[in-house]
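Just so you know, residue 1 is the first one in the sequence shown, and it goes up from there. Keep in mind that the numbers below use all heavy atoms, side chains included, and drop hydrogens, waters and symmetry copies. Computed from a prediction, not measured in an experiment: that's the story for all the values here. Order of listing sets the numbers, starting from 1, for every ligand and every atom in it.
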Amino acid sequence: MESLRLRVWGPKMSDEIDALRKTIISCTICELSKSRTNAVPGSGSIKTKVVFIGEAPGRTEDLQGAPFVGTAGKILSDALAYAGFTRDDVYITNIVKCRPPDNRRPNKQEMNSCRNYMQKELEIIQPKIVCILGNTAFGSLLNGNAITKNRGKIIKRNGQLYFVTVHPAAIIYNQDLRQVLKDDLKALSDIIDKLQKGIPVETNE
Ligand code: URA
């Protein structure tokens with residue numbers, strides 16, 4: 001069971017996120033920095049209740065320096081709108097901030113090199129819930145797998161709530177998942193409403 005957590009928003013948060021963005025944009029810790037066009041820090045509202053975490057930037061994101069702005073991004077935006085969110089209401093980021101060549105999955109070392117950036121984003125924003133998009137983020141954040149079996153669940157780990165759903169890009173290959181993502185995000189919106197009102201929600205450890 002989980003109820004309301006208090007958080008005070010202040011100007012310091014925007015200074016912190018700006019500083020983090022600058023660090024990410026100039027990062028050269030791993031090899032992906034050599035092949036990228038732009039590093040892609042998270043974007044959106046830092047006053048949000050929910051942070052969405054995907055895998056890694058794709059081609060369009062690499063060119064524009066912003067997360068989820070290509071085909072998968074359009075699918076995500078549609079599902080967000082269906083659930084009553086706008087992109088400006090939420091914060092969207094990735095496990096890895098630079099595009100892996102040929103859109104391959106980021107490897108363990110790349111994920112570990114980027115881990116501090118995502119942790120810092122969460123530390124600054126302190127969302128009520130983190131929405132994990134797909135297996136790579138599920139594995140990296142919670143050591144999870146089998147997204148289709150676990151999607152729609154709320155998981156509590158180290159005091160943080162997570163909600164698991166499919167990756168928007170999976171819909172490009174399986175159209176049946178389009179409604180699954182929409183319904184999951186609607187369920188997420190209802191969960192956030194409950195948390196806001198202090199109504200407990202069922203969690204899995
Ligand atoms: N896929 C992701 O996981 N992240 C993006 O930003 C774009 C596509």
Test item: side-chain donor near acceptor, Q175 and R178, under 3.5 Å: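 Yes, because at least one side-chain N or O of Q175 sits under 3.5 Å from a partner of the opposite role on R178.
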Side chain, backbone, both or neither: E61 near ligand 1, heavy atoms under 4.0 Å: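 For E61, only side-chain atoms sit under 4.0 Å from ligand 1.
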Ligand 1 contact by A169, heavy-atom criterion under 4.0 angstrom: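 No.
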[X]: numbered ligand 1 atoms lying under 4.0 Å from its heavy atoms:
X	answer
P67	6 (O)
H167	1 (N), 2 (C), 3 (O)
E55	2 (C), 3 (O)
G54	3 (O)

Under 3.5 Å: N/O of F68 near N/O of ligand 1: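 For ligand 1, there is an N or O atom that lies under 3.5 Å from one belonging to F68.
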Charged N to carboxylate O below 4.0 Å: is that the case for [X] and [Y]?
X	Y	result
D18	K22	no
K197	D193	no
R115	E110	no
K97	E121	yes

Approximate separation, where rounding is to 0.5 Å, of N94 CG and L133 CG: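 Reported to 0.5 Å precision, the distance equals 8.5 Å.
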Whether H167 and F68 hold their rings parallel, tilted or perpendicular, with breakpoints at 30° and 60°: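 H167 vs F68 ring planes: tilted.
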Shortest protein contact, atom 2 (C) of ligand 1 (heavy atom only):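 The closest heavy atom on the protein side is A56 O, 3.0 Å.
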Protein contact of atom 4 (N) of ligand 1 - nearest heavy atom, named by residue and atom, plus distance: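 That would be N94 OD1, 2.8 Å.
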